[in-house]
Amino acid sequence: MEKIPILKMGEFLLVTIQVDMHDRLALSLQDDLTRMISQTEARGVLIDISSLDIVDSFIGRMLANIASMSRVLDAETVVVGMQPAVAITLVELGLSLTGVRTALHVDAGMEVLRSSLNDTNGNETITGKSANRDTYGSNFD
Amino acid sequence: MAVTSTENLPLVSEPDVVAIRRRVREISAQLGFTLVDQTKVVTAASELARNTVIYGGGGIVQLESLNGPRVGLRLIFEDKGPGIPDVELALRNGFTTGSGMGLGLGGAKRLVNDFEIVSRTGEGTKVTITRWK
Amino acid sequence: MNTILMNSNKKSAGIAAVVAKNEETILAEWIREMSGSVRRTDLIKESDLRAQCAQFLQLMKDGLETGNVNFQSSVWEKTREMLGDLSRSRAALGFMPSETASFVFSMKRPLFTQVRQDSKDDAEALAEQMWIITELLDSMGLYTTEVFQKSREEMIRRQQEELLELSTPVVKLWDGVLALPVIGTLDSARTQVVMESLLQAIVETNSRIAIIDITGVPTVDTVVAQHLLKTVTAARLMGADCIISGVRPQIAQTIVHLGINLLDVTTKANLASAFALALRKLGITFVRDTQKS
């Protein structure tokens, strides 16, 4: 059976969806990801959906589920690269994925994950090291 | 209304859902739909195809390209499943008996211009949607 | 039925023969006929008109020779094509629909004259031929009007689209900050274009913040507010934040009265404060140069 590969990059897991999503594939991705998060103790998950030409309610639910499940496992999820046409359709469908963080592309998504990690680390270690709390500011030049 | 071409596709298993999405994408692109309109009709087709497979126990879909006076795409999903006892309720947001988000039927309705559903308990369900260019 | 058909076949072939015999005369008289009301020498050259007339007469003769006088049938395909092209080009040149139809109608008199001379001894045959010509030319005239109308509608539709695109300029304010100043009433069609061009621009310019300025929008009703909300939500799904600016006091009142929930949307009184917020979100601060001030 085909599978969507999950890459490990440091503390983060990276998923690029490049095939036509059918329901069983979506469910197995959900399973594999949660297993990988707990195995690798990953702190963040980045899902690149820039190649997806539709997101219907099932795939939408999968994304929302992954975000909620990973949060329980102490990992942040960010979905990146949603196409404008897909976003418009999803809103029209009635799905706003309120619990899911988003970013324009992989770079911006990594930035979101890193800064949210810094945020929590900053809270844990009270060393006064200046944590980058600004989600937006860091890769501006 | 002139129907330029009609084709029927089986709708029995999950790969059929993916195949229908692809076909609807191709036809709507040929008809000159904008990218957003293509995406809307493909998404609606995906929702309804899934319903037919999961709740209707499989069925068929008929794809009709309409040409003149208006250009459009009509899709007819038909199954001989258990039917929907309360269509009004099923169209409401958040209603689900299965694993979706309960947006399938109502969501599909919002993505198209015309939406018609006929369902008889014990006999089956027929959903007709049309998206105009 | 069959005899009538054969009869009319023969009659139409007879007209074709008349046309062939008197081609030059008909052409000359026809063009003279047109010079009165519908020449429009300001819009079309004499030589072009002459060529069109000659071509049409030729097609008319060919069609009549087949004996089929139903203008919808395939033997008149070429004639329909020719008249279609003519109507479309005249619509583009600025002719009136009546002037376009007159191209066909003005042929009646010269053609009638020749046919009358040909069968002046047979009143019944003459009447039938007249009937065939009238019916044929009438349906051709109607056809030109139909095509004319269609191409005008097409023109209007295209202009509307162009206007829509022109009326929604997405401007870049800073690296990563877009602004969309909306001016005029937002209806469903326009909002969709606005929404799509904004979202597309977000991807193209890689902007994380988009400001929708509605200073120039006279009223906001439930539908417009909903469209704005949808745009904001779609942008968020793509990974960009929207700020709505230029909300005038009466619009703020309407929004609250209508019970529209804009709580999840960042709103600012004017574009300047929205831009300031955008820069702050990007971590950019400005410092006044004290030496220069």
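Just so it is clear: chains get the letters A, B, ... in the order the sequence lines come, proteins before strands, and each one is counted from 1. Any value given below was found using the heavy atoms of this structure, including those in side chains, with hydrogens, waters and symmetry copies removed.
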message: To the nearest 0.5 Å, what is the distance between NE2 on H22(A) and OG on S46(B)?
response: 12.0 Å
query: Atom OG1 of T89(A) and atom CG of L35(B): how far apart are they, to the nearest 0.5 Å?
result: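 Going from the OG1 atom of T89(A) to the CG atom of L35(B) covers 8.5 Å.
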message: Using a 4.5 angstrom heavy-atom cutoff, name the option from I54(A), L27(A), I88(A) with the most pairs to chain B.
response: I54(A)
query: In terms of heavy-atom contacts, does CZ of R71(A) have more than 12 from other residues, nucleotides or ligands at under 6.0 Å?
result: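 Count over threshold, so yes.
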- prompt: Does atom CD of E7(B) have more than 12 heavy-atom neighbours, drawn from other residues, nucleotides or ligands, at distances under 6.0 Å?
  reply: yes
field: D53(A) backbone acceptor or donor facing R25(B) side chain under 3.5 Å
entry: yes
- prompt: Donor-acceptor pair, E92(A) side chain versus K40(B) backbone, under 3.5 Å?
  reply: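 No, because the side chain of E92(A) does not come within donor-acceptor range (under 3.5 Å) of the backbone of K40(B).
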- line: Under 4.5 Å to a heavy atom of chain A? For V17(B) that would be neither
- prompt: Are any non-hydrogen side-chain atoms of D56(A) and R21(B) less than 4.5 angstrom apart?
  reply: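 D56(A) vs R21(B): side chains touch.
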message: In the structure I gave you, are the side-chain heavy atoms of L93(A) and E47(B) within less than 4.5 Å of one another anywhere?
response: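 Yes, side chains in contact.
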query: What is the minimum heavy-atom distance between R50(B) and S57(A), and which atoms define it?
result: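 In this case the closest contact between R50(B) and S57(A) is NH1-OG, 4.3 Å.
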- request: For chain A, find which of T39(B), V36(B), T43(B), V42(B) contributes the most heavy-atom pairs closer than 4.5 angstrom.
  value: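 It is T39(B).
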